[in-house]
Amino acid sequence: SVSTAPPSTPLIVLRTTDLSEDKRKLVAALGIADEEISITPEMLSCAEAKVSVPRLADIARGAAPSASEATSLAACYRDNR
């Protein structure tokens, strides 16, 4: 089904140019081509459920996500845009 609700206001906006080269490559490999990644409350809730709040905090501080975490986080982004 297609939602007609307006998109949520982003909590965080990440510029991919601000990411490390490795993280930019990972984002591109996951099929995310946006120059800015807007994180909505729904995306954040999904990410917390998929990888846990403490692990998400580690990733936000610069830890590299595992392949399965990256796939889950990309799904949260795509499914909640």
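All heavy atoms count here, side chains included; hydrogens, waters and symmetry mates do not.
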Looking only at heavy atoms, which two atoms of [X] and [Y] are closest? And how far apart?
{"X": "Arg55", "Y": "Ser66", "result": "NH2-N, 4.2 Å"}
{"X": "Val51", "Y": "Glu69", "result": "CG1-CG, 3.8 Å"}
{"X": "Val13", "Y": "Pro10", "result": "CG2-CB, 4.1 Å"}
{"X": "Arg24", "Y": "Thr17", "result": "NH1-O, 3.8 Å"}

**Under the salt bridge (charged side-chain N to carboxylate O under 4.0 Å, His left out) test, residues paired with Glu21 that sit two or more places apart** = Lys25
**Prompt:** Who pairs with Glu36 by salt bridge (charged side-chain N to carboxylate O under 4.0 Å, His left out), at least two apart in sequence or on another chain?
**Reply:**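 By the salt bridge (charged side-chain N to carboxylate O under 4.0 Å, His left out) rule, Glu36 matches Arg15.
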When rounded to the nearest 0.5 angstrom, what distance separates [atom1] in [X] from [atom2] in [Y]?
{"X": "Ile32", "Y": "Leu14", "atom1": "CD1", "atom2": "CG", "answer": "10.5 Å"}
{"X": "Ser72", "Y": "Leu56", "atom1": "OG", "atom2": "CG", "answer": "11.5 Å"}
{"X": "Arg81", "Y": "Ser38", "atom1": "CZ", "atom2": "OG", "answer": "9.0 Å"}

Can you confirm whether [X] sits close enough to [Y] that some side-chain heavy atom of one is under 4.5 Å from a side-chain heavy atom of the other?
{"X": "Leu44", "Y": "Ile12", "result": "no"}
{"X": "Leu26", "Y": "Pro65", "result": "yes"}
{"X": "Leu30", "Y": "Leu73", "result": "no"}

**Asked** Which pairs with one or both residues in residues 49-81 pass disulfide (SG to SG under 2.5 Å), sequence neighbours excluded?
**Response** Cys46-Cys76
**Request:** Would you indicate whether Lys23, at its atom NZ, is surrounded by more than 12 heavy atoms from other residues, nucleotides or ligands within a distance under 6.0 Å?
**Result:** yes
**Asked** Are Val53 and Met43 connected in a single hydrophobic cluster, I mean Ile/Leu/Val/Met/Phe/Trp/Tyr linked by side-chain heavy atoms less than 4.5 Å apart?
**Response**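 Not linked; separate clusters.
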**Asked** So, does Thr16 use its side chain to make a donor-acceptor pair with the main chain of Glu35 at under 3.5 Å?
**Response**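 The answer is yes, because a donor-acceptor pair under 3.5 Å joins these two groups.
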